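Following: one structure in structure tokens, then a few remarks.
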Amino acid sequence: MSGRGARRREPRQERSRAMVERIVAAGRDVLVTRGYDGASTNRIAAAAGVSPGSLYQYFPDKDAVLTEVLDRYLDAMEARVSRAFLDSVAAAGPGAGTAPAVRATLEALLDTFGEEPDLLRVIVEQLPRSPGGRRAAFAGRIDDLVTTVLLTRGAGHTDAARAAAWTVVRTVEHLTTGFVLERPGFARAVVVDELTALVAGYLDARLSGGRVASDGPS
């Protein structure tokens, strides 16, 4: 599942669109209950209440269905996280620290992860991120957003800003995912406070003096 799955054809009639929606919803349910290896076109078709032949009219194999499931999940997450991040940056203004944007991003991620924890578990444990895949592309776009904000706030070294963004995005992704899946014995508000202090402290320190620190001695 390293790229966007190709459908055989796009549905044009309302009845066909409804069938595709049932197939995708069934693909999500089968992926969660059976896992990637246990998913099959026959099981997805049965869960959708359609014949395998009807499924094959729109999707060539199970990977195409499951890629559609993953694409929709990541598209919705990207829109949600990007909106929360950019809105908080705009509201805070150029003189504010990074804590408001960090907190808003954490809240958006935890909201999204918490809504479908079973799907998140399958994605994390059974659909590893490949270099050219959708998960990597999603993380890369968030990297770009953070890098842009760092540069607009006076980071003068592009490579260091990109490295700082990469470090922050991967840290936040790993720790928020771990919180949802591991269910540690403390409240969500606690982890938001701790991660905000960790990440905002790191970013503000890197921005101190009006620049992100360079990769080597000046």
Side-chain angles (χ1 to χ4, degrees), residues 1-6 23-41 43-44 47 59 61-85 101-147 162-199 202:
M1 297 180 64
S2 60
R4 184 173 289 274
I23 292 170
V24 174
R28 184 258 182 223
D29 292 342
V30 171
L31 179 62
V32 167
T33 57
R34 296 282 187 169
Y36 175 77
D37 290 337
S40 67
T41 51
R43 282 175 172 158
I44 294 170
F59 298 96
D61 50 34
K62 80 168 187 180
D63 277 349
V65 179
L66 300 184
T67 295
E68 183 73 18
V69 172
L70 180 60
D71 284 350
R72 292 186 183 196
Y73 180 78
L74 292 178
D75 285 346
M77 184 188 300
E78 181 179 348
R80 194 168 182 172
V81 171
S82 299
R83 182 169 59 250
F85 178 81
V102 171
R103 183 175 293 276
T105 302
L106 290 170
E107 296 283 7
L109 271 175
L110 289 169
D111 284 345
T112 305
F113 289 161
E115 287 169 3
E116 297 186 90
D118 293 337
L119 179 57
L120 175 65
R121 184 176 298 279
V122 174
I123 291 172
V124 170
E125 296 179 355
Q126 300 185 31
L127 302 176
R129 178 163 53 206
S130 57
R134 286 280 285 116
R135 287 180 63 197
F138 164 73
R141 281 193 284 273
I142 304 303
D143 291 346
D144 291 342
L145 282 175
V146 177
T147 300
R162 288 175 57 82
W166 184 91
T167 300
V168 164
V169 171
R170 299 312 177 282
T171 298
V172 167
E173 179 186 26
H174 177 73
L175 293 178
T176 52
T177 298
F179 174 76
V180 172
L181 298 184
E182 294 174 21
R183 299 178 182 177
F186 46 83
R188 167 174 156 163
V190 173
V191 78
V192 171
D193 286 344
E194 292 298 317
L195 276 176
T196 298
L198 175 70
V199 175
Y202 168 79

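As a basis for the values below, the full set of heavy atoms in this structure was taken, side chains included, without hydrogen atoms, waters or symmetry mates. Just so we're clear, the structure is a prediction, and the values are computed from it rather than from any experiment. Sequence positions, counted from 1, serve as the residue numbers for this chain.
- The heavy-atom pair separating A165 from D143 by the smallest distance is CB-O, 3.6 Å.
- Interatomic distance, R170 CZ to I142 CD1, rounded to the nearest 0.5 Å: 10.0 Å.
- Of the inter-residue distances, the one linking D63 atom CG with E68 atom CD reads 13.0 Å to the nearest 0.5 angstrom.
- Taking the side-chain hydrogen bond (donor to acceptor under 3.5 Å, both in side chains) definition, one finds that T41 meets it with Y56, sequence neighbours left out.
- Proximity of a side-chain donor or acceptor of T176 to a complementary backbone N or O of E173 within less than 3.5 Å is detected.
- Listed for the R121 side chain is a donor-acceptor partner under 3.5 Å among the backbone atoms of L181.
- Once rounded to the nearest 0.5 Å, the distance linking OH of Y73 with CZ of F138 reads 9.0 Å.
- In this structure, P184 and F179 approach most closely via the heavy-atom pair CD-O, 3.3 Å.
- V24 and V69 make their closest contact through O-CG2, 3.5 Å (heavy atoms, listed as atom of the first residue, atom of the second, distance).
- Between E115 and R80 there is a salt bridge, since at least one side-chain N of the basic residue sits less than 4.0 Å from a carboxylate O of the acidic one.
- Annotation: salt bridge (charged side-chain N to carboxylate O under 4.0 Å, His left out) contacts involving residues 24-35, sequence neighbours excluded, comprise R28-E116.
- How far CG of L109 is from OG1 of T177: 7.5 Å, rounded to the nearest 0.5 Å.
- Between L145 and F85, the shortest heavy-atom contact is O-CE2, 3.9 Å.
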Inset, instruction - Output, in order, the C-alpha distance, side-chain angles, deciding distance and verdict of side-chain contact (heavy atoms from CB on, under 4.5 Å) for W166 and T147. - result: CA-CA 9 Å; W166 184 91; T147 300; over 6 Å; no
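- Between T112 atom OG1 and L120 atom CG the span is 10.0 Å, to the nearest 0.5 Å.
- Not counting sequence neighbours, the partners of D193 by the side-chain hydrogen bond (donor to acceptor under 3.5 Å, both in side chains) test are R103.
- A distance of 13.5 Å separates CD1 in I123 from OH in Y36, rounded to the nearest 0.5 Å.
- Residue L66 comes nearest to G27 through the heavy atom pair CD2-O, 3.6 Å, listed as atom of the first residue, atom of the second, then distance.
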